[in-house]
Every structure is written in structure tokens, then in C-alpha cells.
Amino acid sequence: MRKHVLILFLLISLPLFSGGMKEEPFIGVAIYDFSDSFIAEVRDSIAAESEGGIPVRIVDAARRQQTQNGQIEAFIEDGASAIIVNSVDRTASGVIIEKCMQSNVPLVFFNREPVKDDMSKWDKVYYVGANAADSGRMAADILADYWFQHPEADRNGDGVLQFVLIKGETGHQDTELRTEYFIETLLSRGIRLDKLHEDTGEWNRSKGYDVMKSFIAHSEDEIEAVFANNDDMALGAIEALQESGFFSGGRFMPVVGIDGTGSGMKALQNGTLLGTVYNDAVNQGKAAYHLAAELAEGRIPTDEAIGYEITDGRYVWIPYRPLPGDAEQ
Ligand code: BGC
Ligand code: CA
């Protein structure tokens, strides 16, 4: 009797396990932090692009890699056809790749770039991003143009640009490269530099505010320019500067960011942000989705199928664009 029940159970449940009653296919999307303004724009672009195509399931790791690992495991268990990952800690990508490889679930990383060694672990791993060095150069050019057009920007008249840096998360490729090429470009344009302070604002607006507050407390009269590795931190810095009387009564401070997010663009228009560099959230989201959708269908993505150029067989680079404001007063 018991044996019969068991057999009956197996017969009924077999189609479930063998895929006979297959669930709807979907693409899992694992995001490092929903509250990151730029990333939220990429996320919205992925969601918009999925309309009418393979649906997406989007989850937030709230900056915890352990949470994200669990979310990716759940995607695999639920039968995801492909997974898009914006990793919390990009050095954890190797573990994620191995997990997906075991279950043959293709992967598309974006924005937080896995190291080359990890990328080459498997051929169904792609990356969508932007060339960080370019954004550093473009941000520097905006500031250099301003510096040469505005002799009064040299507040102490010593011929040297005294500046402060608000950096993104330590270890993020964008933090290191944007900063490096920003400085290199200013020097190559013949500007002598004196970095007064630098600190990390973790990509975050309120941390950017705190960092700027402390720079002002130390060196209010010396600072001649601010470079923040992204718009959110630049906006935090502007808020702190406003509290010290900048941006009114003819007191200006050149602040340069990167991203061109919605709120960044507002600051550009109201003249508080000197300039920013457009980090194309829309096209990064579209490219990531179309790569994942092709992989989900079991195809090897081609430039024609996804509408973007694939470099080295696994990278899609979306160009940055300088956005100088008209804050030049
Ligand atoms: C963006 C930042 C964002 C970070 C998140 C960068 O490319 O410019 O605004 O916080 O990515 O990883
Ligand atoms: Ca000076």
C-alpha cells in the first residue's frame, strides 16, 4: 500500500521536477543598493526594457554581499534563465561565477567590474560598464576650462589650484580611475596642484555632505575647487558649502561631479554644480538586459542582436559624455 502511494506521488510530482510544468522563464537582477541614485536609474532602465520581453525579477542586497549571494542562489533554484549582477563587492564575483557555471545560468555583470581572472573563468560571463578613466579626464577638462577662464578662481593668487577630493567607495574601479585621470589631466593641462584633503563619501550624498563639512572646518578659506567622484556626493558637498554662504552673494565654488543623474542635472541648471559627466544609465541598462535576454534564449550575443558593440567577446562599453554647466559666473 505504502509503496503504491509513493509511486503515485512520484508520478504526480515528476513533471514538476522534470520541467513538465515549467514556470515562466525570467531574468534575475541582483542590485547592490536600491538607494544609490545612479544605480536606481540603471535598474529602472532594465525594468523598462524588459517590457514585452522576458520578465525580470529585481532584488536589493542593501550593500551586503551575503544577502546578494543568497539572492543569486534563490534565482538559480527558481530556474532563472540568466542573471544580471551589480555586485556588492566586486572581488566576490568569482564565487558568483562558479555558482552560476555549475547550474549553467549565464551572467551579465554591470557597473562593478569583476577582475579579468574572474571574467575568464567561464565564457557565459559578460560585463557592461563605462570607461572610468574617460570620465576622470572629462571632469578635469571642465574644471581646467573654468580655471583658465576665471583668474579669480585662484582665491589666494598663488598660481596653484588648491582642491579637495570626495572619493567613491574604496576599491571600486571608478573611484580609483576617475581620481587618477582627473589629476593626471589637470597636470597635463599645465595646472599646478595642491590637494588639501581627500576622503571617501562612499558614493553617498549625506556622507559627501559630512566629508565636505569637515574639509570646510579645516580649510574654508583655502579650498578653490571640489571634485566628487559622483553627483550624489557633489550634491552633499554643495549643501555643506551653501551652509557656509557659498552660491549666494557672489561667492562661488567650482564643484565637479560625475553621472548626470536627475538631481545632478537640476544642480547643473541652477548653477551650483559647475559640471558633470554623463554616465549613461539608460544605455547601460538596455545593453545589460539585451545581453541577458540573448543568453537566456541560449544564443551567443552578437552586436546586431543586442544593438551594442561587444569588445573582446564579453565587454560592452557605454561612452561617457561631458556636461559642462553654465555656472560660470
Ligand atoms: C556611479 C556612482 C555609483 C556607483 C555604484 C558609479 O559608476 O558613478 O554614482 O554610486 O557607480 O557602483
Ligand atoms: Ca591657489
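Both counts, for ligands and for their atoms, begin at 1 and track the order of listing. The structure displayed is predicted, hence computed values, not measured ones.
Within the cation-pi definition used here (under 6.0 Å to the ring centroid, within 45° of the axis), R43 qualifies as a partner of F34.
In terms of protein heavy-atom proximity, atom 11 (O) of ligand 1 is closest to N111 ND2, 2.8 Å. With hydrogens left out, the protein atom closest to atom 9 (O) of ligand 1 is D259 OD2, 2.5 Å, a heavy atom. When hydrogens are left out, the protein atom nearest atom 6 (C) of ligand 1 is D174 OD2, 3.4 Å; that is the closest non-hydrogen contact. Among protein heavy atoms, the minimum distance from atom 10 (O) of ligand 1 is reached at D36 OD2, 2.5 Å.
For R112, every heavy-atom contact with ligand 1 shorter than 4.0 Å involves the side chain, none the backbone. Of all the heavy atoms of R178, the ones lying under 4.0 Å from any atom of ligand 1 belong exclusively to the side chain.
Considering backbone and side-chain atoms together, Y320 places no N or O closer than 3.5 Å to any N or O of ligand 1. No N or O atom of N86 sits closer than 3.5 Å to an N or O atom of ligand 1. Geometrically, ligand 1 and N229 share no nitrogen or oxygen pair separated by less than 3.5 Å.
Side-chain N/O atoms of Q71 and Q68 include no donor and acceptor closer than 3.5 Å. Side-chain contact of Q65 with N69: a donor-acceptor pair under 3.5 Å is present, judged by distance alone.
In this structure, Y320 has its ring center no closer than 6.0 Å to that of Y278.
Under the 30°/60° scheme for interplanar angles, the aromatic rings of Y127 and Y315 are found to stand perpendicular. Y146 and F252 have tilted rings, their planes meeting at an angle from 30° to 60° on a 0 to 90° scale.
Under a 4.0 Å N-O distance rule, the pair R189/D145 qualifies as a salt bridge. Taking 4.0 Å as the cut-off between side-chain N and carboxylate O, D134 and R137 count as a salt-bridged pair. Under the 4.0 Å criterion applied to side-chain N and carboxylate O atoms, E294 and R299 are assigned as salt-bridge partners. By the 4.0 Å N-to-carboxylate-O rule, R251 lies close enough to E220 to be salt-bridged with it.
Protein N/O/S atoms found under 3.0 Å from the Ca ion (ligand 2), listed by chain and residue number: D154 OD1, N156 OD1, D158 OD1, V160 O, Q162 OE1, E224 OE1, E224 OE2.
Between E169 and the options R112, K207, R178, a salt bridge (Lys or Arg N to Asp or Glu O under 4.0 Å) holds for only R112.
Close approach of ligand 1 to N279 (heavy-atom distance below 4.0 Å) involves ligand atoms 1 (C), 7 (O), 8 (O).
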